[in-house]
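Please read the structure below before turning to the comments.
Values reported hereafter were calculated over all heavy atoms of this structure, with side chains retained and with hydrogens, waters and symmetry mates removed.
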Amino acid sequence: MAGDAEIEIAKRLFAAWSSGDPDAPGAFLTDDAVLHDIVEGKDKVGWPAIREFFGNALAMSPGLVLEPNAFWVNETGLAVRWTMSATAGEIFGPELAGRRWQSQGMSTLEFRGGKVCREVDYHHGGAILRSLGLQG
């Protein structure tokens, strides 16, 4: 059963996702880890694929912060509720570039050997646009 050690690893992983360093999360993931983002709908398998996905996310939204605010533990890992925020990059259009956006979501994390072997991120793709005032 997961417990306090896994919660601490999750906190450190989320601090790494928030560091601005695209290489930082790798220390907390198994080499064959799988990241599944529900909005994109595709698995990123292995650290190189995850790092590429994360690096692209940082380029689109500088100052990315993933702040965990609640944890639920089960037999295989844990679930974590989080708030994500960042600065809108040029991809959102010049009129929105530089504005801060926010979205909430949840992730499930599975562990193997003291590292995360699977992360599934659940969030609403339109939440960022609503935060920027583009959707009602």
Checklist entry - If you group Ile, Leu, Val, Met, Phe, Trp and Tyr by side-chain heavy-atom gaps below 4.5 Å, do Val45 and Trp47 land in one group? => result no

Next on the checklist: Let me check something: do Met84 and Met106 share a hydrophobic cluster, defined by ILVMFWY side-chain heavy atoms less than 4.5 Å apart, either directly or through other members?
Outcome noted: no

Checklist entry - Is there a donor-acceptor pair closer than 3.5 Å between any side-chain N or O of Asp21 and the backbone N or O of Asp23? => result yes

Checklist entry - What's the shortest heavy-atom distance between Gly55 and Pro22, and which atoms? => result CA-CB, 4.2 Å

Checklist entry - For Gly114 and Ile9, which heavy atoms make the closest approach, and how far apart are they? => result O-CD1, 3.1 Å

Next on the checklist: Using side chain to side chain contact (heavy atoms under 4.5 Å, CB included), reason through Arg12 and Phe28 one step at a time and then give a plain yes or no.
Outcome noted: CA-CA 8 Å; Arg12 293 175 68 198; Phe28 305 98; 3.6 Å; yes

Checklist entry - Run the side chain to side chain contact (heavy atoms under 4.5 Å, CB included) check on Phe71 and Ile7 step by step: do they pass? => result CA-CA 7 Å; Phe71 297 92; Ile7 290 173; 4.0 Å; yes

Checklist entry - Are Met60 and Leu64 linked, directly or through other ILVMFWY residues, by side chains that come within less than 4.5 angstrom of each other? => result yes

Item to check | Considering all heavy atoms, the nearest Lys115-Leu29 contact | outcome: CD-O, 3.6 Å

Checklist entry - Counting only heavy atoms not in Asn69, do more than 12 fall under 6.0 Å of its CG? => result yes

Checklist entry - Are side-chain heavy atoms of His123 and Asp37 found at a separation under 4.5 Å? => result yes

Item to check | For the student: nearest non-hydrogen atoms of Gly20 and Leu58, plus distance | outcome: O-CD1, 3.7 Å

Next on the checklist: According to a hydrophobic-cluster definition based on side-chain heavy atoms being under 4.5 Å apart (Ile, Leu, Val, Met, Phe, Trp, Tyr only), do Trp72 and Leu78 belong together?
Outcome noted: no

Item to check | Ser18 side-chain N/O to Leu66 backbone N/O, donor-acceptor pair under 3.5 Å | outcome: yes

Item to check | Sub-4.5 Å side-chain heavy-atom contact between Gln104 and Trp82 | outcome: no

Checklist entry - Which is it for Trp101 and Ser85 under the side chain to side chain donor-acceptor pair (under 3.5 Å) test, yes or no, and what are the steps along the way? => result CA-CA 5 Å; Trp101 57 259; Ser85 61; over 6 Å; no

Item to check | Any Val120 side-chain heavy atom under 4.5 Å of Ser107 side chain | outcome: no

Checklist entry - Is the backbone of Ala33 close enough, under 3.5 Å, to the side chain of Thr30 for a donor and an acceptor to pair up by distance? => result yes

Checklist outcome for this item: For Glu40, the salt bridge (Lys or Arg N to Asp or Glu O under 4.0 Å) test, sequence neighbours excluded, returns Lys44

Checklist entry - Looking only at heavy atoms, which two atoms of Ser131 and Gln102 are closest? And how far apart? => result OG-N, 2.8 Å

Checklist entry - Is it true that atom CZ of Arg100 has more than 12 heavy atoms of other residues, nucleotides or ligands lying nearer than 6.0 Å? => result yes

Item to check | Electrostatic pair Asp32:Arg112 at N-O distance under 4.0 angstrom | outcome: yes

Item to check | Transitive ILVMFWY side-chain link Val65 to Leu35, under 4.5 Å | outcome: no

Checklist entry - Does Glu6 use its side chain to pair, donor to acceptor, with the backbone of Gly3 at less than 3.5 Å? => result yes

Next on the checklist: Testing the basics here: between Ala24 and Ser19, what is the closest heavy-atom pair and its distance to 0.1 Å?
Outcome noted: CB-OG, 3.4 Å

Next on the checklist: Show me the pairs that pass ring pair (Phe, Tyr, Trp, His ring centres under 6.0 Å) and involve residues 48-69, at least two apart or across chains.
Outcome noted: Trp17-Phe54

Checklist entry - Does Val116 reach the side chain of Phe111, with side-chain heavy atoms less than 4.5 Å apart? => result yes

Checklist entry - Between Thr108 and Glu110, is a side chain to side chain contact (heavy atoms under 4.5 Å, CB included) present by the stated rule, with each step listed? => result CA-CA 7 Å; Thr108 57; Glu110 295 177 26; 5.6 Å; no

